[in-house]
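Just below is one structure, and these are the notes that go with it.
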Protein chains: 2
Amino acid sequence: MGEVREMSNSTTSLRLADVAEAAGVSLATASRSLRGLTGVSDEVAARVRKVAEDMGYVVNTHAQSLAGGATSIAGLIVHQIDDPYFTEIAAGVVHAAEERGLIVQVAHSGRDPQRELRQLRSLAAQRARAIIVAGSGYVDAHLEAEARRLLATYERNGGRAAVIGRHQLGVDALLPDNRGAALAVARHLVELGHTDVTILSGPETLTTVQDRLGGAVQVFAEEGVRHHVVATDFTAAGAGPAAVQALQAWPETTAVLALNDSMAIATLVALRRSGISVPGDVSVAGFDDVAVAELLFPSLTTARLPLAEMGREALDLATRPAASRPRRKTVAAQLMRRESTAPPRSDGPLRVRTASAS
Amino acid sequence: MGEVREMSNSTTSLRLADVAEAAGVSLATASRSLRGLTGVSDEVAARVRKVAEDMGYVVNTHAQSLAGGATSIAGLIVHQIDDPYFTEIAAGVVHAAEERGLIVQVAHSGRDPQRELRQLRSLAAQRARAIIVAGSGYVDAHLEAEARRLLATYERNGGRAAVIGRHQLGVDALLPDNRGAALAVARHLVELGHTDVTILSGPETLTTVQDRLGGAVQVFAEEGVRHHVVATDFTAAGAGPAAVQALQAWPETTAVLALNDSMAIATLVALRRSGISVPGDVSVAGFDDVAVAELLFPSLTTARLPLAEMGREALDLATRPAASRPRRKTVAAQLMRRESTAPPRSDGPLRVRTASAS
DNA sequence: GTGAAAGCGCTAACAA
DNA sequence: TTGTTAGCGCTTTCAC
C-alpha cells in the first residue's frame, strides 16, 4: 500500500520518491532522469521529467548536498551593503556568479570584525562553494588572525575563497593599489597649485585608510603642502558636516581630499548648500569612482577603481582551483580628472562666511 | 577503534561525531551542547564547545536542515542588481534579515521571466525560509501564472513569500501607488505651467510602466497638455540619448517626465552635456527618489517611494505567519519638489541647437 | 537500462 | 543528565 503521507495536505514537500512512484520507476532512475545523466532510456527520462514537472516537484538541495554534491552557493561579505563601493562590487560578483550557475549570498559586516566572523562561519557551515570578502581589512593583525584561520579551514575542506583589499587573509587576493591611488590624487592637487589641503579620513584601524592617508601625506610632506587630517567614520553620513566645519576651522584650505567617494560626494553637496563654490572656492577629490561620481555637477575628480570588474574577477579567482600558494593581484587605480578640481583662487584662499557658522 | 577517517588530511570536514568522540560524549549530547539546549550540565556543555572550537568544527547546515530544522535563508529576487532602486530595497531587506538572524540570497532576473522562475525554483529547492520578489510584474497574466503557481507550492510547503510591486502573485504584497505617484508628478508639471511634455517610458509589458504612464497621460489629457511618449528600456543606458533626441524631434517640449529616476538622472546629465539648462530650458522629473536624486545639481524633483523601508517591511511580512488571505498594503508616494522643475521659459520653448545633432 | 541499498551529518524521539 | 537510534531526501555504488 501507498505511503503514510499520501493525500497529505500538510506542510511536507514532495520527495523524489513520490515522483519515482508516480512515474513507476525506482529512486535511482528518477534521480538520473531529473539530472539528465546517461544510463536511462530517453523515453523513461522524459516521462519522469514530465511527471515531476506536473507534480510541481522541487529538489531539496540540502539532501542533494548532503548526499555528496557540492552546493551552488557563492558567499559575499561586504562592510556596508548600501555603500555604492560595495554595491558595485556586488553587481560584478552577482553577474559573474550567474554565468557559472551560482547564486550569491550577500552578508554584511557593518565593519564589525566579530560579525564578519559570524558571517564567515555561516557561509562555511552552508558549504558555500566560494567565499568572497570585500573591503578594507584591519590594521590590528589580531583581528585578522581568526578570519584567516577560518578561511584556512574552509579551504582545507574544499572551499575556495578570494578577497578584495585584504592583505592578511592567506587566500587569493585582489589588492587595489590604494597607496598609488593616493599618490596620484595628491600629486594632481599639488600640480594644480594647492597649498592647504584638508584630508577627510576614516578610522586608522582600517588598512585602506592607512594606505590612502599614508600616500597622500607623503606627497604633501614632500611638496611642502600644508595639510590637516580630519577623522570621520569613512561614510557619507559624517563627512558633510565635518567638511564644512573643517573649512571654518582652517579657512586657508584650498582643497578637500576625501579618502573615498561617498565622503567626497557628501562634501560636494554640503559645500554647495553652504554656498561654497566647487571648484571655484575649494577643490574636492575622492577615491573609487563610484558610478555617480561622473554624474554629479561638478563631476568628481577621483582615483578610479574598476569596482564591478573587481567583483567579477574575485569570483573568477574563487571559482578557479587553488594555486600552490595564494595568488595576489594588484589592481591599479586611474586618476579621473574632472570638474571638481581646479587651480586655487588667484585672489587667495576662501574665507568662509561666518554666516554659515552655527 | 577509531574512525577510518582519523588522521585524514583529505577534503572531508569534521563531523559532529568527531567532536563528540574527542569530547568523550555522545552525538546527542554534543548536539545539545553546541546548540545551547537545556538538559546538559554546564560543565559538559562548556567542554564540548571548547573542543569544537579548538578543532575548528563548523556545523553542516544541510545536514541540520535535512534533519528537521528550518534554514535561515531569505531569498531576494530583483530585476537588476546594479539599479539603485533595487540596491536600496536590498539594503532594507538585508538589514531587517540580519536582525532576525537570517542571511539573504540575492538573485537577479534581468527582467527575464524565465530566469525569474529559475531563481524562484532555486530558492524553493534550498528551502529558503522566506522569499521576496521585488520589482514590476508583467502585464501578460500568462507570464505571472507560473510564478504564482511556484509560490503557491512553496507556501503550501511551509515557506513564506512577500512581493514588492507585483499584483498577481497571490502572496503578501507591498504595492507602491504608481498611478498616484504619476498623478502627483504630472499635476506638479501642469501647475508649473508646462504645456508640452515628453514622457520617457519603458516597455509597456511591465505593470509599473503601465501604471505610471497611465496616470501621467490621464492628467495631461485632462489638462490639455500635449505629450509625446518615448519608449526606452526603462534603464539609464538608453534614456540619455533618447531624451536628447526627443528634444530635437519636439523642440516645443518644456518638460521631460522620466518614469523612473535612473532615466531621469541620465536625462539630467545628457541635457547638461548638450548645453541645455535644467530647469532653465527644460524641466526634468522622475519617480522613486533614489538616494542620489537629492544630491544632484539641480536636485531632482521626483515621486518618492521609501525604498529601504519597503525592503524592510517586505521581509517583515515574509517572516510573519501567513494571514488567512494574502495581505496587500499600498505604499503611498510623496512628491519631492526640488530644483529640476520650474515654470517654463516665459520667452517660449527651447529650440534645440542643431549643432548637437549627429 | 534499471533497481536495491548504503550512506551523507545531523536532530529528535525514546530509553536508560 | 546522558546515550541510542531512526530517519530527513538524496546520490551512488553495486547487482541484475
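Reminder, nothing fancy here: chain letters follow the sequence lines and each chain counts from 1. This one's a predicted model, so the numbers in the text were calculated from it and none came from an experiment.
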Distance-only side-chain donor-acceptor flag, A:Arg148 / A:Gln168, under 3.5 Å
no
Whole angstrom value for the distance that separates P of D:dT12 from CG of A:Leu34:
14 Å
Under a plain distance cut-off of 3.5 Å, with no hydrogens placed, do A:Arg35 and A:Ser31 share a side-chain donor-acceptor pair?
yes
Both B:Arg127 and B:Thr29 contact DNA chain D. Taking the nearest nucleotide for each, which residue is further toward the 5' end?
B:Thr29
If you compare every side-chain N and O of B:Ser13 against the phosphate oxygens of C:dG9 (OP1, OP2), does one of them come in below 4.0 Å?
no
Show me the donor-acceptor pairs within less than 3.5 Å that the side chains of residues 52-60 of chain B make with the rest of the protein, sequence neighbours left out.
residue: B:Asp54; atom: OD1; partner: B:Lys50; partner atom: NZ; Å: 3.3
residue: B:Asp54; atom: OD2; partner: B:Lys50; partner atom: NZ; Å: 2.5
residue: B:Asn60; atom: OD1; partner: B:His62; partner atom: N; Å: 2.8
residue: B:Asn60; atom: OD1; partner: B:Ala63; partner atom: N; Å: 3.3

Indicate, with a heavy-atom threshold strictly under 4.0 Å, whether A:Arg32 touches base, sugar-phosphate, or nothing.
base
For DNA chain C, what residues of residues 57-68 of chain A have any heavy atom nearer than 4.0 Å?
A:Leu66, A:Ala67
Side chain of B:Val44: nearest nucleotide among D:dT12, D:dT2, C:dT11?
D:dT2
Reckon B:Arg35 has a side-chain N or O less than 4.0 Å from the OP1 or OP2 of C:dA12?
yes
Distance check needed: C:dA12 P versus B:Leu16 CG, whole Å only.
13 Å
Grab the CG-P distance between B:Leu27 and C:dA12 for me, whole Å please.
12 Å
Where each residue is assigned the nucleotide of DNA chain C containing its nearest heavy atom, which of A:Gly39 and B:Leu37 is assigned the position nearer the 5′ end?
A:Gly39
Only one of A:Lys329, A:Arg328, A:Arg325, A:Arg160 clears salt bridge (Lys or Arg N to Asp or Glu O under 4.0 Å) with A:Asp172; which?
A:Arg160
Got a salt bridge between A:Glu21 and A:Arg15, using NZ or NE/NH1/NH2 to carboxylate O under 4.0 Å?
no
Whole angstroms only, please: what is the CD-C1' distance between B:Glu43 and D:dT2?
13 Å
Among all residues two or more places apart in sequence or in another chain, which pass the ring pair (Phe, Tyr, Trp, His ring centres under 6.0 Å) test with A:Tyr154?
none
Between C:dG9 (C1') and A:Gln126 (CD): distance, integer Å:
15 Å
Can you tell me if B:Ser41 touches the phosphate of D:dT1, counting only side-chain N or O atoms and a distance under 4.0 Å to OP1 or OP2?
no
Side-chain donor-acceptor pair present, A:Thr319, A:Arg100, cut-off under 3.5 Å
yes
Find the distance A:Arg15:CZ to D:dG7:C1' and express it as a whole number of Å.
11 Å
